[in-house]
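Just so it is clear: chains get the letters A, B, ... in the order the sequence lines come, proteins before strands, and each one is counted from 1.
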Amino acid sequence: MARKILCVAEKPSIAKSVAQHLSGGHFNTHSIRGNTFVKNYEFDFNFSPPWGQCSVTMTSVLGHLTSLEFTQAHRQWNSCSPGQLFDAPVETEVDKDKKAIAANIASQAKYAGALFIWTDCDREGEHIGSEVRQVAFESNRTIEVKRAKFSNTERAHIIRAAQNPVNLDDRQVNAVAARIELDLRLGAAFTRYTTLSLRSLGGDLADRVISYGSCQFPTLGFVVDRAPKAWKQVPQDGQSKSHEIAEDLYNKGWISYPRTETDTFDQGMDLKKLIERQSQDHAWGGYAQTLLRGGFQQPRGGRQNDQAHPPIHPVNYVASHSLADDERRVYEFVVRRFLACCSEDATGESTTVDIQYGDETFSATGLIVLERNYLVVYTYEKWTSSQPLPKFTLNESFEPTEANITEGETTAPGYLTEPELISLMDANGIGTDATMADHIAKIKEREYVMTQPRTGGAQTNGVNGRGNRGARVGRGSSRGASSAGGAGRGGDGRSVQQFIPTTLGVALIEGYDGIGLESSLGKPFLRKEMEIKMKEICAGTKSRNDFVHETLELYKAIFVRTQQQVGVLKAACRKYVFGGQP
DNA sequence: GCAAGGTC
């Protein structure tokens, strides 16, 4: 008798494309009760031994199924002192809006011999897998649990993943479980404490939530740190908002998942097949053909590899006329970059000339390209930016035909722009690609920062001190974060958003900096430390319990110090928020 | 009324 196998992906789009590949396109689709996004796909598939030919239900969750919460006794803000939240009991429960999805998994698991987890191959995906496993166990204690390991939705790759299942990695599950617990305890304790303490100052602080989070606070810190230097506005070219477009192209199946943690292609990937699909294009197809006819080079590996996502690459061919303008530009960039990666290096000859002219030394560099190779297809990079230099011999003297002095001055950097903020967060391990925009939206919603489009031209902001007299916390200046997920977006889509801290934002960072902690909550180091320790858990060199325990002890000490020095925090608020001091 | 992390 055919056995039944339940497969669960992290999102509906993956469930569908896996179902398509495994079934060869022959599957039945069923809606589930209580959720319009999740579908069950049913088909047969011949798994590797011991399973063999099985009837399969392929379904999905929608990200995490569960949340960690304090038990009822500690949910009210006045139920305990905030410091007790470091040790208060917590419980995991299925999110209200995920109950139907959990019920679907439980009922499908009941008569299945095995559960195959198809969540994304990253830490969070591993934890989501463990949430699915828990729900399945509750209706079927003997179900066998396996995990399919895949990093893209190419047909052959998916079939290989189905036939070579591994086990869930409980180290990664534990690392994420620890993060969840710490973020909850630290966030709630410091948020309640800061909110309630500053409320006593009255006025504008009487009725607002002043939240702390291990990501939102360092994000605010970056904005405040750059503000005093904001003397002049520096003109800058516009940037398109491109990540969203890339995500769109991914969802439509044209390119791989747009993440950048990895710069090494797996040896097993069939790169030539991907190149072949591009050979029909009228712009770069000819180049793709030259690679297939012998120009192909296996890309050099970089040093980053998250073992989850391959470097961004085109998956399927799409003709440019089928794409919108923005999409076409992003797709073309991804394709050209990929083809360049599979090409020979370019070669060139560079010449450097040092010239002694009176007391001054001048230097010039020139370059001649000998073999263009990848430069042919990667049109974004030119080796022609430097001047062609005439031929000189060593110690030669010559008479210059012209000698000019041009005037210029060094300009101070302006307020932090959105791309700068994102790269600071990235470099310091604050948030993930998927959540960075949320953290930025959060500090806008809390009115810690405001955004303004950076226009060209020479506007001057306050030169002294904090540089922003206009940005009060008051309601009038509020812009909120109502543009969904809209971290600094808006405007006409071309201008760059810059971040201006409000007086409240400045007060919080200055206040916490002034408390005299070894490492301020407004700096990224504590979060970075958490990230390092999570990696240690994944590597097996640290236990979840040790990590949670030592991090809680560290933050308890910071909490006690904050209580002792709360006067410093209040003084900063009086100075900036009420005094209106920049 | 608190966080950060998934996803729609």
With a 4.0 Å cut-off on heavy atoms, is [X] in touch with a base, just the backbone sugar-phosphate, or nothing at all?
X      : value
A:Y212 : sugar-phosphate
A:R185 : nothing
A:P12  : sugar-phosphate
A:G63  : base
A:T119 : nothing
A:G431 : sugar-phosphate
A:L68  : base

Where the side chain of [X] is defined as all heavy atoms beyond and including C-beta, which of [options] is the nearest nucleotide?
X      : options             : value
A:E69  : B:dG5, B:dC8, B:dC2 : B:dC2
A:T191 : B:dA3, B:dA4, B:dT7 : B:dA3
A:Q216 : B:dG5, B:dC2, B:dA3 : B:dA3
A:D183 : B:dT7, B:dA3, B:dC2 : B:dA3

Would one find a side-chain N or O of [X] under 4.0 angstrom from OP1 or OP2 of [N]?
X      : N     : result
A:H439 : B:dG5 : yes
A:R199 : B:dG1 : no
A:S211 : B:dA3 : yes
A:R446 : B:dC2 : yes
A:T435 : B:dA4 : no

Rounded distance in Å - [atom1] ([X]) to [atom2] ([N]):
X      : N     : atom1 : atom2 : value
A:Q76  : B:dG1 : CD    : P     : 8 Å
A:E10  : B:dG5 : CD    : P     : 14 Å
A:H74  : B:dA3 : NE2   : P     : 19 Å
A:M530 : B:dA3 : CE    : P     : 14 Å
A:E181 : B:dG5 : CD    : C1'   : 15 Å
A:M534 : B:dA3 : CE    : C1'   : 14 Å
A:K11  : B:dG5 : NZ    : P     : 16 Å
A:L526 : B:dA3 : CG    : P     : 18 Å

Would you mind telling me which residue lines up with the more 5' stretch of DNA chain B, A:D97 or A:R75, judged by nearest nucleotide?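 Mapping each residue to its closest nucleotide by heavy atoms, the 5'-most match is A:R75.
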If you pin A:T432 and A:R192 to their nearest nucleotides in DNA chain B, which one's is more 5'?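 In this pair, the answer is A:R192.
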Positive for side-chain contact (heavy atoms from CB on, under 4.5 Å) with A:V8, one of A:L115, A:V135, A:T119: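 Exactly one option meets the side-chain contact (heavy atoms from CB on, under 4.5 Å) with A:V8, and it is A:L115.
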Should the ring pair A:Y212 and A:F190 be called parallel, tilted or perpendicular, given that the plane angle runs from 0 to 90° and is split at 30 and 60?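 Correct class here is tilted.
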Taking the six-membered ring for Trp, are A:F150 and A:W118 parallel (under 30°), tilted (30 to 60°) or perpendicular (over 60°)?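 Aromatic pair A:F150/A:W118 classed tilted.
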Taking atom types as modelled, is there a side-chain donor on A:T194 or A:S197 under 3.5 Å from an acceptor on the other?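 Side-chain D/A pair, A:T194 to A:S197: absent.
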A:T417-A:E420 side chain donor-acceptor pair, cut-off 3.5 Å: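 Present: a donor and an acceptor within the cut-off.
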Check each residue of residues 556-564 of chain A for a non-hydrogen atom within less than 4.0 Å of any atom in DNA chain B, then write out the ones that pass by number, or none.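 Residues of residues 556-564 of chain A under 4.0 Å from DNA chain B: none.
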Going through the distances and angles, do A:D183 and A:S214 end up as a side chain to side chain donor-acceptor pair (under 3.5 Å)? CA-CA 7 Å; A:D183 282 334; A:S214 61; 3.0 Å; yes
Salt bridge A:K444-A:E418, side-chain N to carboxylate O under 4.0 Å: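 Here A:K444 does not pair with A:E418 in a salt bridge, since their nearest N and O are not under 4.0 Å apart.
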Validation: residues 558-569 of chain A side-chain donor-acceptor distances under 3.5 Å, sequence neighbours left out:
from	atom 1	to	atom 2	distance (Å)
A:R561	NE	A:I515	O	3.2
A:R561	NH2	A:I515	O	3.3
A:T562	OG1	A:I558	O	2.7

Using the test side chain to side chain donor-acceptor pair (under 3.5 Å), find all partners of A:E529 that sit at least two apart in sequence or belong to another chain.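 For A:E529 there are no side chain to side chain donor-acceptor pair (under 3.5 Å) partners, ignoring immediate neighbours.
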